[in-house]
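Here is the structure we will look at.
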2 protein chains.
Amino acid sequence: MGSTSLEHRVKELEKVCRSRGFPLTIQRRVVFEAIVERDDHPSADQILEQIKERVPDISRTTVYRILDTFVQLGLITKICHPRSVARFEPKTHQHHHLVCMHCEQIIDLEENRLNGIAFPDVSCHDFQITDYHIHFRGICSGCRSKAVGSELPP
Amino acid sequence: MGSTSLEHRVKELEKVCRSRGFPLTIQRRVVFEAIVERDDHPSADQILEQIKERVPDISRTTVYRILDTFVQLGLITKICHPRSVARFEPKTHQHHHLVCMHCEQIIDLEENRLNGIAFPDVSCHDFQITDYHIHFRGICSGCRSKAVGSELPP
DNA sequence: CTGCCTGCAAACGATTTGCACCAGC
DNA sequence: GCTGGTGCAAATCGTTTGCAGGCAG
């Protein structure tokens, strides 16, 4: 892993922007590199903090706008769950998540066995399923070790 | 279904409140009945609209606070996903969701086959899984029929 | 050149908070 | 009666929008 993957993803950004007629600005490139570089699920503000060193004049608005554009382009995914702000992740292939119910941390889970589940029969809803994603809820190691046992009903 | 189930759920509310020392106020009872009565996934404001007829003086703040309390008590679940406000559902047993990527509609999916998936081995993350929930993304019948085909990258 | 993109500041909408009053137990 | 709940209004916070100037193609 490392720069090879990063370069590859940046090439993808260039290709997608060009083919869709989206100008490839400095800001878009920097935001993209920032999110691809990390392996967690940063919020818009975390991305902003991360790139401020490189592009001090970038505005928070621009980061929000760019992330939104990337989601529309299918380059990144937006994740949202209760008690936390929107977060983004660079992965677009199928994978799943472990979500800590205490600290809201999200951990990626890559397990092929989980990718082969047959779509349920939803003909009665006339709904067309495209893909799926499993949310495993639980408690992460950090929160478990400092758990006091005064929350979380069964 | 019907009033029997409703009464049963209200009994559950009474029991839980009593056992945890939470006063059972009129407002809590009305909000709870409102959410149990419907079979969709209302937002806080939709609940407010629904109960304003019965309790005209109830404040929006109270509805938010009560819904939050119910979530903590494990009586309801909070659902959140990109591009929409927080929504709540009265079901607490395991089930899954069909989520329309266009209109953000959420449809419940009850299929036992999906409830027996073995938890993945997450020992390397030292994460303790409690339960899981599958998100099937796709397009609902309404949005599909009026689809124009200018969105949604592959 | 020309149009989309960016930065700024202000608007926005959902949710939260401080405080005085009121209701369950 | 005491404790926590409620209603109101104002604050907060993430996010979006309007507009003037700037840069990629």
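Residue numbers begin at 1 in each chain, while the letters A, B, ... track the order of the sequences. Note that the structure is predicted; figures quoted are calculated from it, not measured.
Listed here is the closest heavy atom pair of A:Thr77 and A:Lys91: OG1-O, 3.1 Å. Annotation for A:Leu73 and A:Phe22: closest pair CD2-CE1, 3.9 Å, computed over non-hydrogen atoms.
Here D:dT6 is the nucleotide among C:dC5, D:dA24, D:dT6 with the atom lying nearest to any side-chain atom of B:Thr62. Side-chain proximity of A:Tyr64 to the nucleotides D:dA24, C:dT15, D:dT16 is greatest for D:dT16. Checking D:dC8, D:dG4, C:dT6 against the side-chain heavy atoms of B:Pro23 singles out D:dG4 as nearest. For B:Val85, whose side chain is taken as the heavy atoms from C-beta onward, the closest listed nucleotide among D:dG14, C:dA14, C:dT6 is C:dA14. Comparing C:dC5, D:dG14, D:dT17 against the side chain of A:Arg65 picks out D:dT17 as the nearest. For A:Gln27, whose side chain is taken as the heavy atoms from C-beta onward, the closest listed nucleotide among D:dA9, D:dA24, C:dT6 is C:dT6. The side chain of A:Leu24 sits closest to D:dG25 out of C:dG18, C:dC25, D:dG25. If you check C:dG7, C:dT15, D:dC8 against the side chain of A:Ile58, the one that comes closest is C:dG7. Here D:dG5 is the nucleotide among C:dC5, C:dT17, D:dG5 with the atom lying nearest to any side-chain atom of B:Arg28. For B:Asp45, the side-chain atoms get nearest to C:dA14 when compared with the rest of C:dA14, C:dT6, D:dG4.
Between B:Leu73 atom CG and D:dG5 atom P the separation is 10 Å, expressed in whole Å. Between the CD1 atom of B:Ile66 and the C1' atom of D:dG7 there is a distance of 12 Å, rounded to whole Å. Following rounding to the nearest Å, A:Leu67 (CG) and C:dT6 (P) show an atom-to-atom distance of 11 Å. Taking atom CD1 of A:Ile26 as the reference point, atom P of C:dG7 lies 11 Å away to the nearest angstrom. The distance from atom CZ of A:Arg29 to atom C1' of D:dC23 is 14 Å, rounded to the nearest whole Å. Distance CZ (B:Arg20) to P (D:dG4): 15 Å, rounded to an integer number of Å. Remark: P of D:dC13 and CZ of A:Arg87 are 18 Å apart, rounded to the nearest angstrom. C:dA14 atom C1' lies 16 Å from atom CD of B:Glu104, rounded to whole Å.
Ion pairing of A:Lys78 with A:Asp68 is absent here, as no side-chain N (NZ or NE/NH1/NH2) approaches a carboxylate O to less than 4.0 Å. Under a 4.0 Å N-O distance rule, the pair A:Glu33/A:Arg54 qualifies as a salt bridge.
Of the two residues contacting DNA chain C, namely B:Phe88 and A:Phe22, the nearest-nucleotide position lying further toward the 5' end is that of A:Phe22. The 5' end of DNA chain D is approached more closely, in terms of each residue's nearest nucleotide, by B:Gly21 than by the other of B:Thr61 and B:Gly21.
Within 3.5 Å, no donor on the side chain of B:Ser43 pairs with an acceptor on the base of C:dA14, nor the reverse.
Here B:Arg60 lies in heavy-atom contact (under 4.0 Å) with a base. Residue A:Asp57 is classed as a sugar-phosphate contact, given heavy-atom separations below 4.0 Å to backbone atoms only.
In the model, A:Ser123 has a side-chain atom that pairs as donor or acceptor with a side-chain atom of A:Asp121 under 3.5 Å.
The side-chain hydrogen bond (donor to acceptor under 3.5 Å, both in side chains) test with B:His41 singles out one residue from B:Gln46, B:Glu89, B:Arg87, and that residue is B:Glu89.
The side chain of A:Thr25 places no N or O atom within less than 4.0 Å of a non-bridging phosphate oxygen (OP1 or OP2) of C:dC4.
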